[in-house]
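First comes the structure, then the notes that go with it.
FYI, side chains are in, hydrogens and waters are out, and symmetry mates aren't considered; it's all heavy atoms of this structure.
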Amino acid sequence: MRSVCAVVLALAAAAFSSADSDMHRPRHDSNLEIYKRLFETKRKDQLNALKNLVELNDINQQYKIIDIMLKGLFKVLEDSRQILVAANMHPDDPFPMDDKIKEAYSHVVENTAFFGDVALRFPRIVHHYYDRNADWGGLLRWGLNFCNQTGVFTGGAHQHVLTLMSQELGITEKSPDFMNPYRTERDDVLHTAEAFQKILREEEKRRRKEEKRKEIRKGPRISRSRNEL
């Protein structure tokens, strides 16, 4: 579990429909083209990590890993947004050369893309967290808008993931022919409301027990005055 969790935490998430906004970017941005090739490699790594998570074949472990991963993912997304906003970096600007801004840019694009992969493959788990967190909703919408204008997804195979993810999460209206291509018969069995609620109850019990163990390990604290010492 640790190795899978570490890989998932290090990776990134998704975005939706692209916008052809080239007011700031030069007609041919060679640095952007280089990044797009690196992005393709990164996406392969992300999908391999996700494959490991799917093949874990243990919904309880998947729940725990996704719980940890989403918290880390949105923390990275928020930190990256702050850096880009502070630098007045627009998504349709030329690809950044400053290392700090470049890292924040790539984190937004990659984390938004990877979140789309996770949301489509584990919709019930993702909805359980995402639908209850308004801050995440606002942050994801910002990330999607940013990704729309970067040109990274325009005309690429990953654009479809962004479109499906935005419909799955209700960010855009579902098309009449919307279908999650990653859902299987096994998913329908595992992710029934009854089965999922059972998992949530078991996870809540586990967390309460863990909190009690932590309190026991801490024990009571005895404060002494300097005179007593």
Side-chain angles (χ1 to χ4, degrees), residues 7-8 10-22 25 28-29 32-56 62 65-66 69-70 73-74 76-77 80-81 90-92 95 105-131 136-188 190-191:
V7 173
V8 172
L11 295 178
F16 80 125
S17 25
S18 64
D20 295 324
S21 177
D22 294 321
R25 185 181 299 118
H28 180 74
D29 189 339
L32 177 64
E33 294 305 314
I34 292 172
Y35 173 73
K36 288 170 72 172
R37 291 195 292 270
L38 295 173
F39 177 71
E40 288 295 326
T41 301
K42 185 69 172 182
R43 290 292 290 148
K44 290 178 183 178
D45 292 339
Q46 290 178 336
L47 293 174
N48 284 335
L50 189 58
K51 182 181 177 183
N52 291 334
L53 184 59
V54 172
E55 292 177 351
L56 195 57
Q62 290 170 337
I65 291 174
I66 291 173
M69 184 274 292
L70 291 183
L73 185 151
F74 278 99
V76 171
L77 198 57
S80 299
R81 176 173 69 171
H90 300 284
D92 55 353
F95 188 79
Y105 178 104
S106 61
H107 279 166
V108 170
V109 171
E110 293 158 16
N111 276 297
T112 308
F114 187 59
F115 179 78
D117 297 325
V118 177
L120 292 173
R121 287 164 176 80
F122 302 96
R124 290 194 67 86
I125 298 177
V126 170
H127 271 292
H128 174 73
Y129 289 108
Y130 177 82
D131 295 350
W136 286 7
L139 188 55
L140 181 62
R141 288 174 183 272
W142 175 86
L144 291 173
N145 286 330
F146 189 91
C147 290
N148 290 343
Q149 301 176 65
T150 60
V152 173
F153 294 90
T154 304
H158 310 298
Q159 180 65 58
H160 192 49
V161 173
L162 307 185
T163 301
L164 290 175
M165 183 266 283
S166 66
Q167 293 184 46
E168 173 64 45
L169 296 179
I171 295 171
T172 58
E173 186 176 352
K174 288 183 179 178
S175 62
D177 59 346
F178 171 78
M179 181 183 68
N180 185 341
Y182 302 102
R183 184 179 292 279
T184 64
E185 291 182 6
R186 177 176 171 278
D187 292 328
D188 292 334
L190 285 176
H191 295 160

If you look at every heavy atom in Leu77 and Val108, which pair is closest and at what distance?
CD1-CA, 3.8 Å

Can you tell me how far the CZ atom of Phe39 sits from the NZ atom of Lys44, to the nearest 0.5 Å?
12.5 Å

Could you check if a side-chain atom of Val54 sits within less than 4.5 angstrom of a side-chain atom of Tyr182, using non-hydrogen atoms only?
no

Candidate list Ile125, Val118, Asp117, test side-chain contact (heavy atoms from CB on, under 4.5 Å), partner Arg121, passing option
Asp117

Partner set under side-chain hydrogen bond (donor to acceptor under 3.5 Å, both in side chains) for Asn180, not counting sequence neighbours:
none

Partners of Tyr130 by side-chain hydrogen bond (donor to acceptor under 3.5 Å, both in side chains), sequence neighbours excluded?
none

Testing the basics here: between Gln62 and Leu56, what is the closest heavy-atom pair and its distance to 0.1 Å?
N-CD2, 4.2 Å

Would you check if Glu168 and Phe178 make a side-chain contact, meaning some heavy-atom pair closer than 4.5 Å?
yes

Would you call Met165 and Leu140 a side-chain contact if the rule is heavy atoms closer than 4.5 Å?
yes

State which residues pass side chain to side chain contact (heavy atoms under 4.5 Å, CB included) with Lys51; sequence neighbours excluded, sorted by chain then number.
Glu55

Among residues at least two apart in sequence or on other chains, which ones pass side-chain hydrogen bond (donor to acceptor under 3.5 Å, both in side chains) with Ser175?
Gln167, Asp177

Would you say the side-chain atoms of Gln149 pair up with the backbone N or O of His90, donor to acceptor, closer than 3.5 Å?
no

The criterion is side chain to side chain contact (heavy atoms under 4.5 Å, CB included); which residues satisfy it with His160, sequence neighbours excluded?
Leu164

Rounded to the nearest 0.5 Å, what separates atom CD in Glu110 from atom OG in Ser80?
9.5 Å

Is there a side-chain contact between Lys36 and Glu33 in this structure, where contact means two heavy atoms from C-beta onward sitting under 4.5 Å apart?
yes

Would Leu70 and Trp136 count as a side chain to side chain contact (heavy atoms under 4.5 Å, CB included) if you check the C-alpha gap in whole Å, the side-chain angles of each, and the deciding distance to 0.1 Å?
CA-CA 10 Å; Leu70 291 183; Trp136 286 7; 3.8 Å; yes

Closest approach of Leu139 and Phe74, non-hydrogen atoms and distance?
CD2-O, 3.4 Å

Roughly how far apart are Ser166 OG and Glu173 CD, rounded to 0.5 Å?
11.5 Å

Within the structure provided, determine whether Gln46 and Leu50 are in side-chain contact (heavy-atom separation under 4.5 Å).
no

Show your reasoning for whether side chain to side chain contact (heavy atoms under 4.5 Å, CB included) applies to Val152 and Tyr105.
CA-CA 11 Å; Val152 173; Tyr105 178 104; 3.8 Å; yes

